Amino acid sequence: MKKVTTNNSINMPLLGFGTLIPSAAATISATMDALDAGFRHFDCAERYRNEREVGEALQAGLAAGGLAREDIFVTTKLWNTNHRPEYVQPAFEASLNRLRLSYLDLYLIHTPFAFQPGDEQDPRDQNGNVIYDRDVTLADTWKAMESLVDDGRCRAIGLSDISLKELLPIYESARIKPAVVQVEAHPYLPETELLEFCKEKDIVFLAFAPLGHGIKPGPLEDSVITAIAERVGKTPAQVLLAWALQRGTALLTTPKTAARARENFDISSLPQDAFDEISRIETRQRFNEVVKTGVPGFIARGN
């Protein structure tokens with residue numbers, strides 16, 4: 001599998017498996033299927049509430065495949081209710097324990113929004129509005145993230161669901177620069193300006209929802225994509241994933257079956273004219289508004 005080297009010299013597989021899966025049983029089976037298909041990068045989150053199942057699947061899959069911990073790259077994320085510096089390390093330790101790992105390859109701030117601390121992941125007032133924590137800044141949280149790297153059990157840190165405007169001050173003030181920025185990106189939301197900044201600063205741009213999260217209508221049904229897929233003998237999903245890789249991004253995909261995992265892992269380069277044709281798509285649509293509120297749109301509220 002092709003890898004990219006982060007700005008702190010860590011090798012990260014370009015193609016990653018996202019673990020935003022609704023049920024525990026499906027999480028275990030899909031994670032093991034992804035490992036069997038060849039995926040070696042696994043993207044998790046405290047917010048998904050299935051780190052324990054991912055950890056169980058990885059342990060079983062590694063043992064069955066004769067793989068070592070060093071053969072896989074595992075990411076997870078700090079949720080919004082743990083942004084205060086004193087909560088960062090306990091949250092990190094809790095994720096490690098659930099994943100049954102002794103170290104983490106990458107830890108991301110899930111969103112740049114801080115929520116009211118507590119056990120409720122989605123704190124709301126009596127009117128249903130999110131309760132934000134105004135007593136902590138993103139810079140405060142980032143400093144606590146840097147301490148995790150200093151301690152030696154977190155190899156790299158980064159940010160997720162962030163705009164270039166929010167990223168700039170963190171990048172400029174950071175003692176340890178972000179290694180990875182994870183955002184929604186696909187032909188309908190190319191995030192070109194952020195991608196160019198990341199390339200310039202040697203930050204890995206990690207695209208989630210590269211298939212439009214399967215939402216219809218979306219990129220998978222786009223006439224440009226389907227025509228190219230037919231022309232090159234690939235599925236629309238394979239075309240979209242190839243486009244993402246060719247423009248210089250890493251990516252995450254969440255196949256739910258063994259057959260889909262094999263399909264998503266079987267990516268080959270597109271002809272230049274096909275790549276350019278996709279890049280000229282003018283439709284603009286964001287499928288997850290998490291960048292505006294901190295609340296993930298792909299996760300049912302209360303789950």
Side-chain angles (χ1 to χ4, degrees), residues 1-7 11-18 20 30 33-43 73 75 164 180-288:
M1 178 193 291
K2 290 184 178 178
K3 297 183 178 182
V4 61
T5 302
T6 65
N7 54 23
N11 291 324
M12 185 182 98
L14 282 168
L15 187 56
F17 176 74
L20 176 51
D33 286 341
L35 192 61
D36 189 55
F39 284 87
R40 295 294 180 264
H41 176 190
F42 296 85
D43 180 87
F73 187 102
T75 300
L164 180 56
V180 176
V181 168
Q182 181 185 133
V183 295
E184 178 185 346
H186 40 73
Y188 287 7
L189 187 70
E191 292 281 14
T192 306
E193 190 178 5
L194 178 58
L195 175 58
E196 290 307 313
F197 176 82
C198 287
K199 287 181 177 179
E200 178 189 331
K201 301 299 184 184
D202 200 23
I203 300 170
V204 176
F205 181 109
L206 179 57
F208 75 79
L211 308 180
H213 203 66
I215 292 172
K216 298 180 180 182
L220 281 168
E221 291 78 35
D222 189 283
S223 59
V224 171
I225 302 299
T226 56
I228 289 172
E230 188 171 343
R231 195 161 81 230
V232 301
K234 290 286 188 176
T235 66
Q238 289 170 326
V239 168
L240 286 166
L241 299 178
W243 177 81
L245 291 174
Q246 274 175 252
R247 67 193 296 254
T249 78
L251 60 87
L252 298 172
T253 182
T254 307
K256 304 291 200 311
T257 66
R260 194 71 74 188
R262 290 191 296 271
E263 175 195 337
N264 284 190
F265 196 75
D266 180 22
I267 309 302
S268 52
S269 295
L270 297 169
Q272 188 62 45
D273 63 332
F275 175 84
D276 293 340
E277 199 177 340
I278 296 170
S279 299
R280 288 194 295 269
I281 289 175
E282 294 182 355
T283 302
R284 290 294 173 262
Q285 184 176 2
R286 182 185 295 278
F287 294 103
N288 189 342

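As the structure is a computational prediction, the values presented were derived from the model and not from experiment. Note: hydrogens, waters and symmetry copies are ignored here, and every other heavy atom, side chains too, is used.
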Please answer whether the main-chain N or O of [Y] pairs with a side-chain N or O of [X] as donor and acceptor at a distance below 3.5 Å.
{"X": "T254", "Y": "G18", "result": "yes"}
{"X": "E263", "Y": "Q238", "result": "no"}
{"X": "R40", "Y": "L35", "result": "yes"}
{"X": "T249", "Y": "A244", "result": "yes"}
{"X": "E221", "Y": "G218", "result": "yes"}

Check: Run the salt bridge (Lys or Arg N to Asp or Glu O under 4.0 Å) check on D266 and K234 step by step: do they pass?
Finding: CA-CA 9 Å; D266 180 22; K234 290 286 188 176; 3.5 Å; yes
Note to self: Under a 4.0 Å threshold between the charged nitrogen and the carboxylate oxygen, would E277 count as salt-bridged to R280?
What the structure shows: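 Looking at E277 together with R280, the answer is no, because their closest N to O distance does not fall below 4.0 Å.
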Would you mind reporting whether [Y] and [X] have side-chain heavy atoms less than 4.5 Å apart?
{"X": "L240", "Y": "P210", "answer": "no"}
{"X": "L20", "Y": "F208", "answer": "no"}
{"X": "Q246", "Y": "I278", "answer": "no"}
{"X": "N7", "Y": "I203", "answer": "yes"}
{"X": "Q182", "Y": "D43", "answer": "yes"}
{"X": "I225", "Y": "I281", "answer": "yes"}

Check: Can you tell me if CD on E230 sees more than 12 non-hydrogen neighbours from other groups inside 6.0 Å?
Finding: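 Not buried by this count: 12 neighbours or fewer within 6.0 Å.
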Item checked: Heavy atoms of other groups near R260 CZ, more than 12 under 6.0 Å -> no
Looking only at heavy atoms, what is the nearest atom pair of [X] and [Y], with distance?
{"X": "H41", "Y": "L252", "value": "CE1-CD2, 4.2 Å"}
{"X": "F39", "Y": "A261", "value": "CE1-O, 3.5 Å"}
{"X": "P190", "Y": "R247", "value": "O-NH2, 2.8 Å"}
{"X": "T257", "Y": "D33", "value": "C-OD2, 4.0 Å"}
{"X": "E184", "Y": "A209", "value": "CG-CB, 4.1 Å"}
{"X": "A229", "Y": "V239", "value": "CA-CG2, 3.6 Å"}

Nearest 0.5 Å, please: how far is [atom2] in [Y] from [atom1] in [X]?
{"X": "F73", "Y": "N11", "atom1": "CZ", "atom2": "CG", "result": "9.0 Å"}
{"X": "R262", "Y": "N264", "atom1": "CZ", "atom2": "CG", "result": "11.5 Å"}
{"X": "M12", "Y": "T75", "atom1": "CE", "atom2": "OG1", "result": "6.5 Å"}
{"X": "F205", "Y": "L195", "atom1": "CZ", "atom2": "CG", "result": "5.5 Å"}
{"X": "L241", "Y": "L15", "atom1": "CG", "atom2": "CG", "result": "7.0 Å"}
{"X": "I267", "Y": "L251", "atom1": "CD1", "atom2": "CG", "result": "7.5 Å"}

Checklist line | Partners meeting ring pair (Phe, Tyr, Trp, His ring centres under 6.0 Å) with F287 (sequence neighbours left out) | finding: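 Here the qualifying residues are H186.
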Checklist line | Sequence-distant partners of D36, salt bridge (Lys or Arg N to Asp or Glu O under 4.0 Å), two or more places apart | finding: none
